[in-house]
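Values in this document were obtained by computation on a predicted structure and should not be read as measured data.
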Amino acid sequence: MTQEYHVTSLVVHAAPGKVEQITADIDALVGADIHAITDEGKFIITLEGATQGAILDNVEAINALSGVLSSSLVYHQVEPIEEKSEETP
């Protein structure tokens with residue numbers, strides 16, 4: 001079975017009065033990183049995980065946060081993780 005590594009980026013638009021709470025909520029998600037926040041409440045976020053399901057769970061969690069107005073998937077990449085055998089140096 002091949003293991004995978006998933007990276008996704010999102011732009012999230014939030015209500016300006018909810019930015020602090022949404023920042024804390026996203027920071028609590030495993031594999032989520034906030035890279036930028038504008039004064040208007042737009043976030044640039046990356047999500048990393050071992051499965052597509054883990055990524056989708058985080059996207060759904062972000063969309064369900066109080067004050068999140070919208071999210072847009074910008075990028076998604078899947079890379080296989082090659083397992084090294086004991087014979088491989």
Side-chain angles (χ1 to χ4, degrees):
M1 181 175 186
T2 303
Q3 292 183 332
E4 296 177 332
Y5 175 73
H6 294 254
V7 178
T8 298
S9 64
L10 302 168
V11 174
V12 174
H13 190 193
K18 297 283 190 164
V19 169
E20 278 188 44
Q21 183 59 52
I22 290 170
T23 299
D25 292 340
I26 291 172
D27 282 339
L29 295 173
V30 174
D33 289 308
I34 299 171
H35 298 278
I37 305 170
T38 69
D39 293 337
E40 296 83 20
K42 291 185 182 176
F43 291 72
I44 304 296
I45 301 168
T46 56
L47 303 174
E48 299 178 24
T51 65
Q52 185 173 345
I55 297 295
L56 290 174
D57 287 347
N58 276 347
V59 170
E60 289 175 3
I62 290 168
N63 285 332
L65 295 174
S66 176
V68 169
L69 304 175
S70 67
S71 69
S72 298
L73 179 70
V74 176
Y75 180 80
H76 182 89
Q77 181 172 345
V78 180
E79 290 291 330
I81 298 174
E82 295 182 20
E83 295 183 27
K84 293 184 179 181
S85 69
E86 292 179 18
E87 298 173 6
T88 305

*asked:* Are more than 12 heavy atoms, taken from residues, nucleotides or ligands other than Asp39, located less than 6.0 Å from that residue's CG atom?
replied: no
*Restricting to pairs with a member in residues 9-66, which pass ring-ring contact (aromatic ring centres under 6.0 Å, His included), not counting sequence neighbours?*
none
*Quick one: closest heavy-atom pair of Ile55 and Gly49, and the distance?*
CD1-N, 3.7 Å
*asked:* Would you compute the distance between atom CD of Glu4 and atom CD of Gln77 and round it to the nearest 0.5 angstrom?
replied: 11.5 Å
_Which heavy atom of Ser66 sits nearest to which heavy atom of Lys18, and what is that distance?_
OG-NZ, 3.3 Å
*Might you point out which heavy atoms bring Ala32 and Leu47 nearest each other, and give the distance in Å?*
CB-CD2, 3.6 Å
*Member of Asn63, Ile44, Val74, Ile62 meeting the side-chain contact (heavy atoms from CB on, under 4.5 Å) criterion with Leu10*: Ile62
_In one Ile/Leu/Val/Met/Phe/Trp/Tyr side-chain cluster, 4.5 Å: Leu73, Val59_ = yes
*Shortest non-hydrogen contact from Ile45 to Ile34?*
CG1-CG1, 4.3 Å
*What distance separates Ile26 CD1 from Gln21 CD, expressed to the nearest 0.5 Å?*
10.5 Å
*If you take all heavy atoms of Ala14 and Ile22, which pair is closest and at what distance?*
CB-CD1, 3.4 Å
*asked:* Are Leu56 and Val12 connected into the same hydrophobic cluster when the rule is that any two of I, L, V, M, F, W, Y join if their side-chain heavy atoms are below 4.5 Å apart?
replied: no
_Separation of Gln52 CD from Asp57 CG (nearest 0.5 Å)_ = 10.5 Å
*asked:* I need the minimum non-hydrogen distance between Leu29 and Ala61, along with the two atoms involved.
replied: CD2-CB, 4.1 Å
